[in-house]
Amino acid sequence: MTTEKATLIARNSVKAMRTIVPLFFLANIASVFLEHYMPRDLVYAILGENVWVAIPLATILGVLAPLPRYATYPLASTLFRMGASIGAVSSLIWGEVILGSLDRDILEFKYFGWRSFVARLLLSIVFTILGGFAVEVLL
Amino acid sequence: MITDLLAQGVGAFLQTLPILVFAVVVGQIIIAYLPAEKTERVLTGNGKNIVIATTIGLFSPGPNAAYLPLLYALRTRGASLSILVAFITSQTMVGPVRFFLEAEYFGVMFWVYRLIIVFFIANAMGFCFKLLGRLLEPPALQMDSQVSKAAQ
């Protein structure tokens, strides 16, 4: 590895971490509060008891929740510990990336057109739900 | 009480911080060494390249927004929308950085199964786009391709 490449990697890593680390920190704090104040029975009833409801619901929750990249993991892990099914947790994590940040969505909309954007959104939701069921069966 | 919860949150953050830092650095190393020309060549290829585009997406780190200008440039040069969608889907849903976090929070097998499932999902998305074909083309690109066909 050349010095130039190493410098580039270090610089880009610091740049990426400047946005990721603070949000990851907040997600960790939020997940501790969630675990403390959210009743376990409620989490189990919504995201664990009935996977036929839990997985589609977790997918929609993931799509709609304005969670930043990687910040879903501490929250998803907490929900899993509190009784959410593994399929629902998996769908929540996938759902979060279907609609990404606003800048990405605007770019995609602009570059590939609204029909492509809407089709990708709808197909992603359907396949994420199916993927959640697959995870539930496999794990 | 709140101080205790905050301390707990900071503790959990500090416990996973080294993994997050390591994952981000690994992602940047892959970006630095990923041959852009090869990615470009595969993404402008024919229909069978949906599978290859999916595979490249699975191992491409970083935010998807960084790839969109390149994908748009490839699109205007004739890359199929189905191939680009397969790449976008697999790149956003997995990516190497997520491996470290998923392994830490849910175990290695969680990531392995999800990787396999995303491979099928991204391919299915690509083939769905291939079936839907011209219905999904932006009007500007449809006109461009009609003009280039007429010119031929």
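Chain identifiers are assigned alphabetically (A, B, ...) following the order of the sequence lines, protein sequences preceding nucleic acid strands; residue numbering begins at 1 within each chain. Predicted model only: the values in this text are computed from it and were never measured.
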Phe127(A) and Met125(B), any side-chain heavy atoms less than 4.5 Å apart: yes

CD1-CZ distance between Ile93(A) and Arg98(B), expressed to the nearest 0.5 angstrom: 8.0 Å

Chain B contact via Val21(A) - which portion, at a heavy-atom distance below 4.5 Å: both

Residue-level interface, residues 81-91 of chain A with chain B, non-hydrogen cut-off under 4.5 Å: Ile86(A), Val89(A), Ser90(A)

Heavy-atom pair count under 4.5 Å with chain A, highest-scoring of Leu101(B), Leu68(B), Val25(B): Leu68(B)

Interface moiety of Ile88(B) toward chain A, non-hydrogen atoms closer than 4.5 Å: side chain

Atom pair CZ/CG of Phe110(B) and Leu138(A) - distance to nearest 0.5 Å: 11.5 Å

CZ-CD1 distance between Phe24(A) and Ile19(B), expressed to the nearest 0.5 angstrom: 8.0 Å

Heavy-atom closest pair, residues Ile117(B) and Ala134(A): CD1-CB, 3.7 Å

Which atom of Phe129(B) lies closest to which atom of Ser116(A), heavy atoms considered: CZ-O, 3.5 Å

Pairs of heavy atoms under 4.5 Å with chain A: top-ranked of Thr92(B), Leu5(B), Leu20(B), Val24(B): Leu5(B)

Heavy-atom pair count under 4.5 Å with chain A, highest-scoring of Val94(B), Leu84(B), Val97(B), Thr89(B): Val97(B)

Closest non-hydrogen atom pair between Ser13(A) and Gln28(B), with its separation: OG-CG, 3.3 Å

From Leu14(B) atom CG to Asn28(A) atom CG, the distance as rounded to the nearest 0.5 Å: 9.0 Å

Verify same cluster id: Val51(B), Ile56(B) (apolar side-chain graph, 4.5 Å): yes

Summary of ring pair (Phe, Tyr, Trp, His ring centres under 6.0 Å) pairs that have at least one residue in residues 56-97 of chain A, sequence neighbours excluded: Phe80(A)-Phe106(B)

Connected via hydrophobic side-chain network under 4.5 Å: Tyr113(B) and Leu115(B): yes

Residues that Ser124(A) engages under side chain to side chain donor-acceptor pair (under 3.5 Å), provided they are two or more places apart: none

ILVMFWY network linking Leu17(B) to Val32(A), side-chain heavy atoms under 4.5 angstrom: yes

Contact listing (chain B partner; residues 35-43 of chain A; heavy atom under 4.5 Å): His36(A), Tyr37(A)

Hydrophobic cluster membership, Ile116(B) vs Val108(B), 4.5 Å side-chain cutoff: yes

Same apolar cluster (I L V M F W Y, side chains within < 4.5 Å links), Val85(B)/Phe120(B): yes

Distance, nearest 0.5 Å, that separates CZ of Phe127(B) from CG of Leu123(A): 14.0 Å

CG-CG distance between Leu71(B) and Leu107(A), expressed to the nearest 0.5 angstrom: 10.5 Å

Toward chain B, the part of Ala30(A) with a non-hydrogen atom under 4.5 Å: neither

